[in-house]
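Worksheet: the structure to be examined is printed underneath.
Just so we're clear, the structure is a prediction, and the values are computed from it rather than from any experiment.
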Amino acid sequence: MPHRSQPDQIELRQRILNTALKEFAEKGYHRATLDEIASKVGASKGSVYWYFENKRALFLAVVLEELSRLTRYLEAVVADGGQSAVARL
């Protein structure tokens with residue numbers, strides 16, 4: 001894999017995660033493939049393996065990222081006094 005700058009590495013890893021999320025959501029864990037994810041990202045399969053040991057590790061990273069996003073959202077709702085979106089308008 002060619003040397004990438006730190007921002008490029010972070011951006012590629014995030015693109016892999018975003019693409020994997022879509023693939024897992026559309027096809028399920030068993031039908032989603034690292035080949036297809038790499039192809040949609042425009043990277044080699046080796047690049048995916050650079051960041052994730054295997055499909056299971058990629059899937060768990062996707063799940064953890066989505067749980068983190070949900071946690072931040074729920075914390076914001078609680079900090080906002082639990083007002084609905086309509087009430088905030």
Just verifying a value: how many Å separate [X] [atom1] and [Y] [atom2], rounded to the nearest 0.5 Å?
X: Glu23; Y: Phe59; atom1: CD; atom2: CZ; answer: 13.0 Å
X: Leu58; Y: Tyr51; atom1: CG; atom2: OH; answer: 13.0 Å
X: Lys40; Y: Asn18; atom1: NZ; atom2: CG; answer: 13.5 Å

What class does the angle between the rings of Tyr29 and Phe24 fall in, given that below 30° is parallel, 30 to 60° is tilted and above 60° is perpendicular?
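Ring orientation, 0 to 90° scale: parallel.
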Would you say the side-chain atoms of Thr19 and Arg15 include a donor-acceptor pair closer than 3.5 Å?
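No - no donor-acceptor pair under 3.5 Å links their side chains.
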Would you tell me whether Ser44 and Ser47 have side-chain atoms, one donor and one acceptor, within less than 3.5 Å of each other?
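Judged by distance alone, the side chains do pair up.
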My understanding is that only residues two or more places apart in sequence, or in another chain, count here; which of them pass salt bridge (charged side-chain N to carboxylate O under 4.0 Å, His left out) with Lys22?
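Testing Lys22 for salt bridge (charged side-chain N to carboxylate O under 4.0 Å, His left out), a comparison that skips the adjacent residues, returns none.
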For residues 47-57, which residue pairs pass the salt bridge (Lys or Arg N to Asp or Glu O under 4.0 Å) check, not counting sequence neighbours?
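Passing the test, one end in residues 47-57: no pairs.
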For Ala57 and Phe52, which heavy atoms make the closest approach, and how far apart are they?
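Scanning both residues completely, I find the closest heavy atoms to be O-CD2, 4.2 Å.
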Co-membership, hydrophobic cluster, residues Ile16 and Leu64, 4.5 Å side-chain
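Each belongs to a different hydrophobic cluster.
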Is a side-chain donor or acceptor of Ser39 paired with a backbone partner of Asp35 at a separation under 3.5 angstrom?
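Judged by distance alone, no pair lies under 3.5 Å.
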Give the intermediate values and the outcome of salt bridge (Lys or Arg N to Asp or Glu O under 4.0 Å) for residues Arg69 and Glu66.
CA-CA 5 Å; Arg69 190 177 317 207; Glu66 291 308 304; 3.2 Å; yes
